[in-house]
Amino acid sequence: MISRVIDWYGDHQRDLPWRRPEASPWGILVSEIMLQQTPVARALPVWQEWLERWPTPQALAQAAPGDAVRAWGRLGYPRRALRLHAAATAIATEHGGRVPSDPDTLRALPGIGAYTAAAVASFAYGVRIPVVDTNVRRVHARAVTGAAQAAPSLTAAESRLAAELLPANPAEAKVWNVAVMELGALVCTAARPDCDHCPIARQCAWRSAGYPAYDGPTKAAQRWHGTDRQVRGLVLQLLRESHGPVPAARVDLVWPDDAQRQRCVASLIEDGLVDPLPGGRYALPA
DNA sequence: CATACGTGGTT
DNA sequence: TAACCAAGTAT
């Protein structure tokens, strides 16, 4: 199964800039943060801009956090931009300007969790460690476990399985990691898996079992309209698109519910995404 | 461990 | 059209 997936990857992988040999660990780290819960097509142009503007962690660390938030554009979850800026600062001041290769050291940086730490260690440095994202979990669930989809959150059994499947050779492990992820992104997709073009269709436990429906617990559906997330998004959009500080009166226009809007502005300030200025004005953090 | 956290394309 | 989905993290 391993060689079939790796061979398939060799023939069908997308040409993504952060996968090229010349990609720096920093470029790979930036890509991983941007790709959290965000499609490749949307992250791609923003990644290009970021790497031109801030080619090193030091370069980003010297910028204002608000510049990072503004350059994040509409990627979503703007706290990622703030945390990436904070990570760059930590890398510049505590790690000699070099992106760490040790997963535990990476994991200690802001915005870097288990997945991103493993991804950077593996993809940037060839560290032999399982990289388990939503694509990988889905492929494992189907091909090995025989379930239509993975559990709502990563289980110990899944981590064990990923560790067992990981090739012993570090270089091979790195390709395996990215290949399984790519298979999940392009073929073994959530809604309409393209089993006719899957390199391991014959070995797939889910297919062999006749595609049984998922019976486990499902994750709660996300709401959007009328939520604080929507209001926060509107406030931040206004500040991103404004050059200087914005008067409170203008912020008031983005959402009619006073209590909710004020609560959201307060939470944005709490998060460090918004700076309250004298005179009742607001701006992205300097 | 469940929930909050953006955004826009696809079904 | 509402729901689902996209390389998760922090609390």
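Below, each value reflects all heavy atoms present in this structure, side chains not excepted, and no hydrogens, waters or symmetry copies. Below, read A as the first sequence line, B as the second, and so on, with proteins coming before strands; counting in each chain starts at 1.
- Within 4.0 Å of A:A191, counting heavy atoms only, lies no atom of the nucleic acid at all.
- Between A:W26 and A:W54, the gap from one ring centroid to the other reaches at least 6.0 Å.
- The shortest distance between the side-chain N/O atoms of A:T116 and the OP1/OP2 oxygens of C:dT9 is below 4.0 Å.
- For A:T38, counting side-chain heavy atoms from C-beta on, the closest listed nucleotide (C:dA7, C:dT9, B:dG6) is B:dG6.
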- Query: Checking side chain to side chain contact (heavy atoms under 4.5 Å, CB included) for the pair A:S159/A:L154: CA distance, chi angles, key distance, verdict?
  - Reply: CA-CA 7 Å; A:S159 297; A:L154 184 67; 3.6 Å; yes
| message | Quick one, A:D102 with A:R107, criterion salt bridge (Lys or Arg N to Asp or Glu O under 4.0 Å). Give me CA distance, side-chain angles, the key distance, then yes/no. | response | CA-CA 9 Å; A:D102 173 59; A:R107 178 70 182 75; over 6 Å; no
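- Regarding A:I33, its CD1 atom lies at a distance of 8 Å from the P atom of C:dA10, rounded to whole Å.
- When each of A:R107 and A:V40 is assigned the nucleotide of DNA chain C bearing its nearest heavy atom, the one mapping closer to the 5' terminus is A:V40.
- Across the protein-nucleic acid pair, A:D228 atom CG and B:dC5 atom P stand 5 Å apart, rounded to whole Å.
- Residue A:R14 is in base contact, counting any heavy-atom pair closer than 4.0 Å across all strands shown.
- Note on A:T134: only backbone sugar-phosphate atoms sit closer than 4.0 angstrom, heavy atoms only; bases stay farther off.
- Listed in residue order, the members of residues 212-226 of chain A having a heavy atom less than 4.0 Å from DNA chain B are A:Q222, A:W224.
- Checking the phosphate oxygens (OP1, OP2) of B:dT7, a side-chain nitrogen or oxygen of A:R240 falls inside 4.0 Å.
- Across C:dA6, B:dC5, C:dA7, the shortest atom-to-atom separation from the side chain of A:R79 is found for B:dC5.
- Note: OH (A:Y77) to C1' (B:dA4) measures 8 Å, nearest angstrom.
- In this structure, of B:dT7, C:dA7, C:dT9, it is C:dT9 that holds the atom nearest to the side chain of A:Q36.
- Note on A:P152: nothing from the nucleic acid sits closer than 4.0 angstrom, heavy atoms only.
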| message | As a quick check of understanding, evaluate side chain to side chain contact (heavy atoms under 4.5 Å, CB included) for A:I269 and A:D275, giving each step before the final call. | response | CA-CA 6 Å; A:I269 293 170; A:D275 252 5; over 6 Å; no
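- Distance A:E270 CD to B:dA4 P: 17 Å, rounded to the nearest Å.
- Nucleic acid contact class of A:G113 (heavy atoms, under 4.0 Å, all strands): sugar-phosphate only.
- Using a 30° and 60° split on the angle between ring planes, A:W206 and A:Y211 fall in the perpendicular class, above 60°.
- As judged by a 4.0 angstrom heavy-atom cut-off over every strand, A:L84 is placed among residues making no nucleic acid contact.
- For the pair A:I112 CD1 and C:dA7 P, the interatomic distance rounds to 19 Å; values are reported in whole Å.
- Atom CZ of A:R223 sits in a sparse spot, with 12 or fewer heavy atoms from other residues, nucleotides or ligands closer than 6.0 Å.
- When the side-chain nitrogen and oxygen atoms of A:R80 are compared with OP1 and OP2 of C:dA6, none of them lie within a distance under 4.0 Å.
- Between A:R83 and B:dC5 there is no side-chain polar atom (N or O) within less than 4.0 angstrom of OP1 or OP2.
- A salt bridge between A:R261 and A:D258 is present, with a side-chain N of the basic residue lying under 4.0 Å from a carboxylate O of the acidic one.
- Under 4.0 Å is where a charged nitrogen must lie from a carboxylate oxygen, and between A:R19 and A:E182 at least one such pair does.
- Rounded to a whole Å, the CG atom of A:L35 is 12 Å from the P atom of C:dT9.
- Backbone-only contact: A:A185 has heavy atoms under 4.0 Å from sugar-phosphate atoms and none from a base.
- Straight-line distance between the C1' atoms of B:dG6 and C:dA6: roughly 12 Å, to the nearest whole Å.
- Phosphate contact (OP1/OP2 of C:dG8, side-chain N/O of A:Q37, threshold under 4.0 Å): present.
- Between A:L82 atom CG and B:dG6 atom C1' the separation is 14 Å, expressed in whole Å.
- C:dA7 and B:dT3 have their P atoms separated by 23 Å, given to the nearest Å.
- Nearest-nucleotide mapping onto DNA chain B: of A:L268 and A:R192, the residue sitting toward the 5' end is A:L268.
- Classification of A:D15 and A:R20 as a salt-bridged pair holds, one side-chain N sitting under 4.0 Å from a carboxylate O.
- Nucleotide B:dG6 holds its P atom 14 Å from the CZ atom of A:R42, rounded to whole Å.
- Among the protein residues, A:W72 comes within range of no part of the nucleic acid, since none of its heavy atoms lies under 4.0 Å from any strand.
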